[in-house]
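Beneath this line is the structure, given in C-alpha cells, with notes to follow.
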Amino acid sequence: MLLGRSLAPCLARAKHRHPMSGPVAGGCEILFGVHPCLLALQRGSRHVTRAFVRKDYYHCDQHDGGGSKTFPLVKQILQLVEERDIPLMLYNGAALSFIAKDRPHQGICLEVTPKETSDCEPLDDLEGIQHLPVLDRIRDPMNLGAVLRTCYFFGVNKVVITPHTCTLSPMVSKASSGALELMDVHLAHRPEEFIARLKQDQSRMVLGTSGAGGNSVPLTQVTPSSNGRTAIVFGFEGTGVDKDILESCDQVVAIEGARNSAVDSLNISTAFAIFLHHMCSMSRN
C-alpha cells in the first residue's frame with residue numbers, strides 16, 4: 001500500500017510537462033478534484049486515459065503530505081493509477097488550473113470518458129429504490145450535483161432524469177463530492193409514459209413538487225402508500241415540474257415556509273434535501 005510509504009516509487013515514472021502535453025483525447029473530458037477522481041477509479045465505471053498530478057506532491061512528507069487533510073486520499077489515487085498503469089504526468093498548480101479550466105482541482109485531474117446514462121427499461125432495475133427521485137430538466141450543474149450528493153447520503157443510488165437536464169459533467173461530479181461516480185442515472189425519454197408505468201407496474205405513489213398554495217398538499221401531511229414506495233418529481237429551477245408531468249402525479253406537494261416571508265421559495269437542492277429526509281424518516285418510523 002502506498003498509504004504509509006514514500007510516493008517516490010509511484011511518481012518515478014511520471015513525466016514532467018508544462019503546459020499540458022497534447023489536447024484532451026477525443027471523446028474524453030477532464031475530471032477534477034480528489035473525491036470525484038478517487039471514486040471514479042474505485043468504481044471503475046469510466047475509462048481513464050491519463051492522470052495529472054501537482055508535482056509538489058512529489059516533495060511532500062510521506063506521512064502527512066505537508067499537512068494536507070486530503071493527502072491520504074491522494075495516495076490512494078496514486079496507488080490505483082500505478083496498479084492500472086495509467087500514464088501519470090506532473091504539473092505545477094498553474095498548469096493544472098489550465099487543464100481544469102480554473103476549477104477547484106485540489107492537485108488532481110483525470111482524463112476520462114464521459115459518465116453515461118442508462119435506459120429506464122426494464123423497470124426492474126429501479127425496483128429496489130423505495131423513494132425514487134425523478135429530476136425534470138434541472139439545468140444548473142451545481143444544483144444537480146448537490147441533489148445527487150443528498151441522494152447518496154440517504155442511501156439512494158439510482159435516479160431518473162428527463163431530457164434537457166444538464167449533462168453529467170465533471171462540474172456535476174465535483175458538486176456531488178463524487179457521488180455521481182457511484183450512482184446509476186437513468187434517462188426517461190418519455191417522462192409521462194414512464195410515470196404512468198411506475199404507478200401501474202410498481203404501485204408507486206408519484207409525488208410532484210410545487211410552491212405552496214393552489215392544490216398542493218403540505219409535505220407534513222403526505223401519507224405514504226400501503227407499500228411505502230414513492231417517486232419524487234422535482235423540476236426545473238425556473239418554472240418547476242413540467243405541467244404535463246405534474247398532472248400525471250398522484251399528489252402535488254409543497255414545503256411550507258413562514259407566512260408573509262419576503263423569500264417565498266427554496267433552492268432546489270435545499271428543498272430536495274428536506275423532502276427526501278422527510279420521506280426517509282417516515283419510512284423508518
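No hydrogens, no waters, no symmetry mates; every other heavy atom, side chains included, goes into these values.
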Checklist entry - With hydrophobic residues grouped by side-chain heavy-atom distances under 4.5 Å, do Leu132 and Ile274 end up in a single group? => result yes

Legend entry - Stepwise side-chain contact (heavy atoms from CB on, under 4.5 Å) test for Arg197 and Glu193: CA-CA 6 Å; Arg197 289 198 57 200; Glu193 294 179 14; 5.7 Å; no

Taken to the nearest 0.5 Å, the spacing of Ile99 CD1 from Cys109 SG works out to 6.0 Å

Show your reasoning for whether side-chain contact (heavy atoms from CB on, under 4.5 Å) applies to Val53 and Leu88. CA-CA 7 Å; Val53 179; Leu88 176 63; 3.2 Å; yes

Paired with Glu29, the salt bridge (charged side-chain N to carboxylate O under 4.0 Å, His left out) test is passed by just one of Arg46, Arg103, Lys101, Lys115, namely Arg46

Notebook entry, point to check: Hey, is the main chain of Glu127 close enough, under 3.5 Å, to the side chain of Arg229 for a donor-acceptor pair?
Noted result: yes

### Query
Can you find a heavy atom in the side chain of Leu148 that is under 4.5 Å from one in the side chain of Leu180?
yes

Residues Phe52 and Glu111: closest non-hydrogen pair is CE1-CB, 4.0 Å

Tightest non-hydrogen contact, residues Cys151 and Met183, listed as CB-CE, 3.7 Å

All heavy atoms of Ala254 vs all of Ser216, minimum pair found to be CB-OG, 3.7 Å

What one should report as the nearest heavy-atom pair of Ile77 and Cys37 is CD1-CB, 4.1 Å

key: ILVMFWY network linking Leu246 to Phe272, side-chain heavy atoms under 4.5 angstrom   = yes

Separation between CE (Met205) and OG1 (Thr223), nearest 0.5 Å, reads 7.0 Å

Glu181 side chain to Ser173 side chain, donor-acceptor N/O pair below 3.5 angstrom
yes

Within 6.0 angstrom of Met282 CE, more than 12 heavy atoms from elsewhere: yes

Hits for side chain to side chain donor-acceptor pair (under 3.5 Å) against His105, two or more places apart or cross-chain, chain-then-number order -> Ser97

Below 4.5 Å, heavy atoms only, C-beta onward: do Ile86 and Leu110 meet side chain to side chain? no

- Message: Within the 4.5 Å heavy-atom criterion, are Leu182 and Asn157 side-chain neighbours or not?
- Response: no

N/O donor-acceptor pair under 3.5 Å between Asn227 side chain and Ser203 backbone | yes

On a heavy-atom basis, the closest approach of Arg137 and Asp242 is NH2-N, 3.2 Å

key: Check ion pair Lys158-Asp125 (N to O, under 4.0 angstrom)   = no

TODO: Using a strict 4.0 Å threshold on nitrogen-to-oxygen distance, state whether Arg43 and Asp184 make a salt bridge.
DONE: yes

Checklist entry - Under a 4.5 Å cut-off applied to non-hydrogen side-chain atoms, are Val134 and Pro191 in contact? => result no

With Val253 as partner, the option from Ile232, Thr230, Leu207, Thr220 fulfilling side-chain contact (heavy atoms from CB on, under 4.5 Å) is Leu207

Q) Under 3.5 Å, is there a donor-acceptor pair between the side chain of Thr150 and the main chain of Ala273? A) no

request  = Answer with yes or no whether the side chains of Glu192 and Ser248 bring together a donor and an acceptor at under 3.5 Å.
outcome  = no

*Between Gln106 and Lys174, is a side-chain contact (heavy atoms from CB on, under 4.5 Å) present by the stated rule, with each step listed?*
CA-CA 11 Å; Gln106 298 174 289; Lys174 177 63 174 172; 2.8 Å; yes

Does the side chain of Ser118 pick up a donor-acceptor pair with the side chain of His186 at under 3.5 Å?
no

Quiz item: So do the side chains of Asn267 and Asn143 get within less than 4.5 Å of each other, counting heavy atoms only?
Solution: yes

So CG of Leu144 and OG of Ser176: to nearest 0.5 Å the spacing works out to 8.5 Å

- Side-chain contact test, heavy atoms from C-beta onward, threshold under 4.5 Å: evaluate it for Ser169 versus Val172 and give yes or no. yes

With sequence neighbours left out, the residues meeting side-chain contact (heavy atoms from CB on, under 4.5 Å) with Cys249 are Val206, Val233

dist Arg84:CZ -> His47:NE2 (nearest 0.5 Å) comes out at 11.5 Å

Interatomic distance, CD1@Ile108 vs CG@Leu78, rounded to 0.5 Å, equals 5.5 Å

Would Phe71 and Leu73 show up in the same hydrophobic cluster when neighbours are defined by side-chain heavy atoms closer than 4.5 Å? yes

- Message: Tell me if the aromatic rings of Phe275 and Phe234 count as close, with their centers under 6.0 Å from one another.
- Response: yes

Note: Gly93 and Arg54 closest approach over all heavy atoms is N-CG, 4.3 Å

| task | Indicate yes or no: at least one non-hydrogen side-chain atom of Leu219 is less than 4.5 angstrom from one of Glu256. | result | no

In this structure, OG of Ser177 is separated from CZ of Phe153 (nearest 0.5 Å) by 12.0 Å

| query | When hydrophobic residues are tied together by side-chain contacts of less than 4.5 Å, even through go-betweens, does Phe236 share a cluster with Leu135? | reply | no

### Query
Would Met279 and Ile268 show up in the same hydrophobic cluster when neighbours are defined by side-chain heavy atoms closer than 4.5 Å?
yes

query: Quick one: are Leu38 and Leu80 in side-chain contact, heavy atoms under 4.5 Å?
result: yes

Give a yes or no on whether the backbone of Val222 and the side-chain of Gln251 come within a donor-acceptor separation of less than 3.5 Å. no

